[in-house]
Engineer: 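Just passing along the structure, written as structure tokens.
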Amino acid sequence: GVIRIFQNGQIINPPFLNITDRVNNSGFETGLLGLAFHPNYEQNGYFYVNYIGADGNTRISRFRASGNSADPSSEKFLLGIEQPYQNHNGGGMSFGPDGYLYIGVGDGGSAGDPGKHGQDPKTLLATLVRIDVDNGDPYAIPADNPFGNEVWAFGLRNPWRFSFDRATGDLWIADVGQNRWEEINYLPAGSPGGANFGWSIMEGSQRFGGAQQPTMILPVAEYGREFGCSVTGGYVYRGVLSEWNGVYFYGDYCSGNIWGLTLSNGQWQSQVLFEADVRITSFGQDESGEVYLVNDAGNMYVLAKK
């Protein structure tokens, strides 16, 4: 429940935000899971947090900051999602090129999608949610959302980190597999809503619980258990190292492998670039497009030349 600022090589105290009094951190996949700054943050001070509340359910809230400090009492609750189990809470958030807030939500947990949420866009579980935080109270549903609710895309098991390419607007989603395949999904900028990524009929490009439908979007990259056990999505590199420009970086929590993924001559190519030997929990990106990663020991790394 704590957000800290890391600046000029040091952690600034006191924390930017401390809401440990309301965050449920009792489970392996609970806690404070997502953070997104409003596109006009410099003017309005608004930022958005995705966390698991005391009741075990997802809470999407807006806070307001001034300078290096946010007021915990400024919380405005936007959206709640009931979570039947402790795991598969997703949690990533990002504003898209269209100015709407996107939220990654898992299938509700347990294993094998017992609630059959994956192929049901009437529920917010197993989806990529898309809302308009600049209109309505507390938000509005964009008119072009495909199902008349908050859902933009569905068929996701546990999207652990998604991102938009800052240069192109393309969308990248890493989705954690059941027990065989970890996958990377991709939507080019301007794609209409309604994408179905297949879970729980498909796990990766393989059948899991039914027959593949022609409208399902299969992953652009996947890997099996010999390379890891839980994918962590990253970012397309847009920093100063020209040799990495346009490469999408992603990793694995268990193995520490870090892949680079590109589209070359119409073919997707993915290869292991680094063996970090740490448990990769998340990636980050700074103002200039440099890519960072963090592990579950609280260490932070940056991609850089020796």
Engineer: Would you please say whether a donor-acceptor pair under 3.5 Å links the side chains of Ser61 and Glu75?
Structural biologist: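 Side chains of Ser61 and Glu75: pair found under 3.5 Å.
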
Engineer: Do Ile184 and Trp268 sit in the same hydrophobic cluster, where Ile, Leu, Val, Met, Phe, Trp and Tyr count as joined when their side-chain heavy atoms come under 4.5 Å apart?
Structural biologist: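 Ile184 clusters together with Trp268.
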
Engineer: Applying side-chain contact (heavy atoms from CB on, under 4.5 Å), run through Leu79 and Phe77 and close with a yes or a no.
Structural biologist: CA-CA 6 Å; Leu79 175 65; Phe77 174 72; 5.6 Å; no

Engineer: Can you confirm whether Tyr248 sits close enough to Ser163 that some side-chain heavy atom of one is under 4.5 Å from a side-chain heavy atom of the other?
Structural biologist: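 Side-chain contact under 4.5 Å: yes.
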
Engineer: Judged by modelled atom types alone, do Thr30 and Gln86 share a side-chain donor-acceptor pair under 3.5 Å?
Structural biologist: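 Distance-only check fails for Thr30 and Gln86.
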
Engineer: Verify the neighbour count for atom CG of Asn179: are there more than 12 heavy atoms of other residues, nucleotides or ligands below 6.0 Å?
Structural biologist: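 Yes, the 6.0 Å shell around CG holds more than 12 heavy atoms from other groups.
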
Engineer: So among Trp259, Trp244, Tyr235, which one has a ring-ring contact (aromatic ring centres under 6.0 Å, His included) with Phe249?
Structural biologist: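 Answer to the ring-ring contact (aromatic ring centres under 6.0 Å, His included) test with Phe249 among Trp259, Trp244, Tyr235: Trp244.
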
Engineer: If we ignore angles and hydrogens, is there a donor and acceptor under 3.5 Å between the side chains of Tyr139 and Glu150?
Structural biologist: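 The criterion, which ignores hydrogens and geometry beyond distance, is satisfied for Glu150 and Tyr139.
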
Engineer: Would you tell me whether Thr168 and Asp165 have side-chain atoms, one donor and one acceptor, within less than 3.5 Å of each other?
Structural biologist: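 Yes - a donor-acceptor pair under 3.5 Å links their side chains.
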
Engineer: Hydrogens and angles aside, do Glu183 and Asn185 bring a side-chain donor and acceptor to less than 3.5 Å of each other?
Structural biologist: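 Per modelled atom types, Glu183 and Asn185 side chains form a pair under 3.5 Å.
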
Engineer: Whether Arg130 and Asp144 form a salt bridge (side-chain N of Lys/Arg under 4.0 Å from carboxylate O of Asp/Glu) is what I want to check.
Structural biologist: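 Salt bridge present between Asp144 and Arg130.
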
Engineer: Only one of Phe164, Trp172, Tyr48, Phe95 clears ring-ring contact (aromatic ring centres under 6.0 Å, His included) with Tyr102; which?
Structural biologist: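 The passing option is Phe164.
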
Engineer: Stepwise, does the side chain to side chain donor-acceptor pair (under 3.5 Å) test hold for Ser270 with Tyr250?
Structural biologist: CA-CA 10 Å; Ser270 181; Tyr250 65 99; 2.7 Å; yes

Engineer: If we ignore hydrogens and angles and just use 3.5 Å, is the side chain of Gln285 paired with the main-chain N or O of Val236 as donor and acceptor?
Structural biologist: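 Flag set: sc Gln285 to bb Val236 pair under 3.5 Å.
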
Engineer: Please lay out, stage by stage, how Leu261 and Gln271 fare under the test side-chain contact (heavy atoms from CB on, under 4.5 Å).
Structural biologist: CA-CA 7 Å; Leu261 175 61; Gln271 67 181 70; over 6 Å; no

Engineer: Which pair of non-hydrogen atoms, one from Pro142 and one from Ile131, has the smallest distance, and what is that distance?
Structural biologist: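 In terms of heavy atoms, the two residues are closest at CD-CA, 4.0 Å.
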
Engineer: Leu303 and Val294: same hydrophobic cluster, using ILVMFWY side-chain contacts below 4.5 Å?
Structural biologist: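 Cluster IDs for Leu303 and Val294 differ.
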
Engineer: Is Tyr46 reachable from Leu78 through a run of I, L, V, M, F, W or Y residues, each pair having side-chain heavy atoms under 4.5 Å apart?
Structural biologist: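 Result: yes, single cluster for both.
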
Engineer: Spell out, as yes or no, whether a donor-acceptor pair under 3.5 Å connects the side chain of Asn299 to the backbone of Tyr301.
Structural biologist: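 Not at all, since once roles are kept as given, no pair shorter than 3.5 Å links the two residues.
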
Engineer: Using only atom types and a distance under 3.5 Å, with no angle test, would you say the side chain of Thr123 pairs donor to acceptor with the backbone of Leu125?
Structural biologist: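 Side chain of Thr123 to backbone of Leu125: a pair is present.
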
Engineer: Check this for me, if you would: do Arg238 and Glu290 make a salt bridge, where the nitrogen-to-carboxylate-oxygen distance has to be below 4.0 angstrom?
Structural biologist: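 Looking at Glu290 together with Arg238, the answer is no, because their closest N to O distance does not fall below 4.0 Å.
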
Engineer: Distance check, rounded to the nearest 0.5 Å: Ser69 atom OG versus Ile5 atom CD1?
Structural biologist: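 Rounded to the nearest 0.5 Å, the OG-CD1 separation comes to 8.5 Å.
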
Engineer: Kindly say whether Gly148 contributes a backbone atom to a donor-acceptor pair with the side chain of Asn145 at under 3.5 angstrom?
Structural biologist: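 Looks like no, no N/O pair under 3.5 Å.
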
Engineer: Could you please spell out the steps behind the salt bridge (Lys or Arg N to Asp or Glu O under 4.0 Å) verdict for Glu222 and Arg180?
Structural biologist: CA-CA 10 Å; Glu222 61 186 346; Arg180 294 183 302 164; over 6 Å; no

Engineer: Looking only at heavy atoms, what is the nearest atom pair of Gly194 and Pro146, with distance?
Structural biologist: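 Closest approach of Gly194 to Pro146, heavy atoms only: N-CG, 3.3 Å.
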
Engineer: Let me see the working for Trp199 and Asn158 under side-chain contact (heavy atoms from CB on, under 4.5 Å), right down to the final yes or no.
Structural biologist: CA-CA 10 Å; Trp199 178 255; Asn158 189 33; over 6 Å; no

Engineer: Taking atom CD of Gln10 as the centre, does the number of heavy atoms from other residues, nucleotides or ligands within less than 6.0 Å exceed 12?
Structural biologist: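 No.
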
Engineer: Does any part of the side chain of Leu171, heavy atoms only, come nearer than 4.5 Å to the side chain of Leu128, both counted from C-beta?
Structural biologist: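 Yes, at least one pair of side-chain atoms sits under 4.5 Å.
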
Engineer: Nearest 0.5 Å please: distance from the CG atom of Leu101 over to the CG atom of Asp134.
Structural biologist: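 If I round to the nearest 0.5 Å, the distance is 10.0 Å.
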
Engineer: Please check if the side chain of Arg4 supplies one atom and the backbone of Ile11 the other of a donor-acceptor pair under 3.5 Å.
Structural biologist: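 The answer is no, because no donor-acceptor pair under 3.5 Å joins these two groups.
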
Engineer: Do the non-hydrogen side-chain atoms of Val291 and Val302 ever get within less than 4.5 Å of each other?
Structural biologist: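 They are not in side-chain contact.
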
Engineer: Ignoring hydrogens, what is the shortest heavy-atom contact between Pro97 and Gly169? Give both atom names and the distance.
Structural biologist: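 Result for this residue pair: CG-CA, 3.7 Å.
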
Engineer: Quick one: do Asp137 and Lys76 make a salt bridge, cutoff under 4.0 Å?
Structural biologist: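 Result for this pair is yes, salt bridge flagged.
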
Engineer: Between Ile60 and Ile3, is there shared hydrophobic-cluster membership here, with clusters defined by ILVMFWY side-chain heavy atoms closer than 4.5 Å?
Structural biologist: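 They do not share one cluster, since no chain of ILVMFWY contacts under 4.5 Å joins Ile60 to Ile3.
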
Engineer: For residues Ser230 and Asp252, report the shortest heavy-atom separation together with the two atoms involved.
Structural biologist: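 Ser230 and Asp252 have their closest heavy atoms at N-OD1, 2.8 Å.
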
Engineer: How far apart are the closest heavy atoms of Pro72 and Ala70, and which atoms are they?
Structural biologist: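 Reported closest heavy-atom pair: CD-O, 3.3 Å.
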
Engineer: Rounded to the nearest 0.5 Å, what separates atom CD1 in Ile19 from atom CZ in Arg59?
Structural biologist: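 The CD1 atom of Ile19 sits 9.0 Å away from the CZ atom of Arg59.
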
Engineer: Tell me if a side-chain donor or acceptor on Asp55 pairs with a main-chain N or O of Asn57 at a distance below 3.5 Å.
Structural biologist: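 Present.
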
Engineer: Surrounding CD of Glu287 (heavy atoms of other residues, nucleotides or ligands, distance under 6.0 Å), is the total greater than 12?
Structural biologist: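 Result for CD/Glu287: open.
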
Engineer: Taking atom types as modelled, find out whether Asn245 and Tyr237 have a side-chain donor-acceptor pair closer than 3.5 angstrom.
Structural biologist: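 No, Tyr237 and Asn245 have no side-chain donor paired with an acceptor closer than 3.5 Å.
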
Engineer: Thinking salt bridges, do Glu182 and Arg225 make one under a 4.0 Å N-O criterion?
Structural biologist: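 Result for this pair is yes, salt bridge flagged.
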
Engineer: What is the distance from atom OG of Ser191 to atom CD1 of Ile217, rounded to the nearest 0.5 Å?
Structural biologist: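 Nearest 0.5 Å value for the OG-CD1 distance: 7.0 Å.
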
Engineer: What's the spacing between Asp107 CG and His88 NE2 if we round to 0.5 Å?
Structural biologist: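 Asp107 atom CG to His88 atom NE2 measures 5.5 Å (nearest 0.5 Å).
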
Engineer: Looking just at side-chain N and O atoms, do Gln212 and Arg207 make a donor-acceptor pair shorter than 3.5 Å?
Structural biologist: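 Per modelled atom types, Gln212 and Arg207 side chains form no pair under 3.5 Å.
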
Engineer: Hey, what do you get for CZ (Phe28) to CG (Asp296), rounding to the nearest 0.5 Å?
Structural biologist: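 It comes to 7.5 Å.
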
Engineer: Would you sort out whether Phe63 and Phe47 count as a ring pair (Phe, Tyr, Trp, His ring centres under 6.0 Å), showing the intermediate values?
Structural biologist: CA-CA 6 Å; Phe63 291 85; Phe47 65 98; 5.8 Å; yes

Engineer: For Leu124, does its backbone N or O pair with a side-chain atom of Thr127 as donor and acceptor, under 3.5 Å?
Structural biologist: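 Yes; judged by distance alone, with no hydrogens or angles, the pair exists.
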
Engineer: Has Asn257 got a side-chain atom pairing as donor or acceptor with Glu275's backbone, closer than 3.5 angstrom?
Structural biologist: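 Checked: no pair found.
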
Engineer: For a quick test of reading the model, state the closest non-hydrogen atom pair linking Tyr41 to Gly67 and the distance between them.
Structural biologist: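 What the structure gives for the nearest pair is OH-O, 4.0 Å.
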
Engineer: Does Glu243 CD have over 12 foreign heavy atoms under 6.0 Å away?
Structural biologist: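 Yes, CD of Glu243 has more than 12 neighbouring heavy atoms, counting only those of other groups under 6.0 Å.
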
Engineer: Stepwise, does the side-chain contact (heavy atoms from CB on, under 4.5 Å) test hold for Leu33 with Ile52?
Structural biologist: CA-CA 8 Å; Leu33 301 175; Ile52 302 301; 4.0 Å; yes

Engineer: If hydrophobic clusters are built by linking Ile, Leu, Val, Met, Phe, Trp and Tyr wherever their side-chain heavy atoms come under 4.5 Å apart, do Phe162 and Leu156 end up in the same one?
Structural biologist: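 Hydrophobic grouping puts Phe162 with Leu156.
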
Engineer: Does the Arg161 side chain pair with the main chain of Thr232, one donor and one acceptor, at a distance under 3.5 Å?
Structural biologist: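 Side chain of Arg161 to backbone of Thr232, a donor-acceptor pair under 3.5 Å: no, none is there.
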
Engineer: Output, in order, the C-alpha distance, side-chain angles, deciding distance and verdict of side chain to side chain donor-acceptor pair (under 3.5 Å) for Gln119 and Ser200.
Structural biologist: CA-CA 7 Å; Gln119 292 299 302; Ser200 55; over 6 Å; no

Engineer: With a sphere of 6.0 Å drawn around CZ of Phe227, does it hold more than 12 non-hydrogen atoms of other residues, nucleotides or ligands?
Structural biologist: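 No.
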
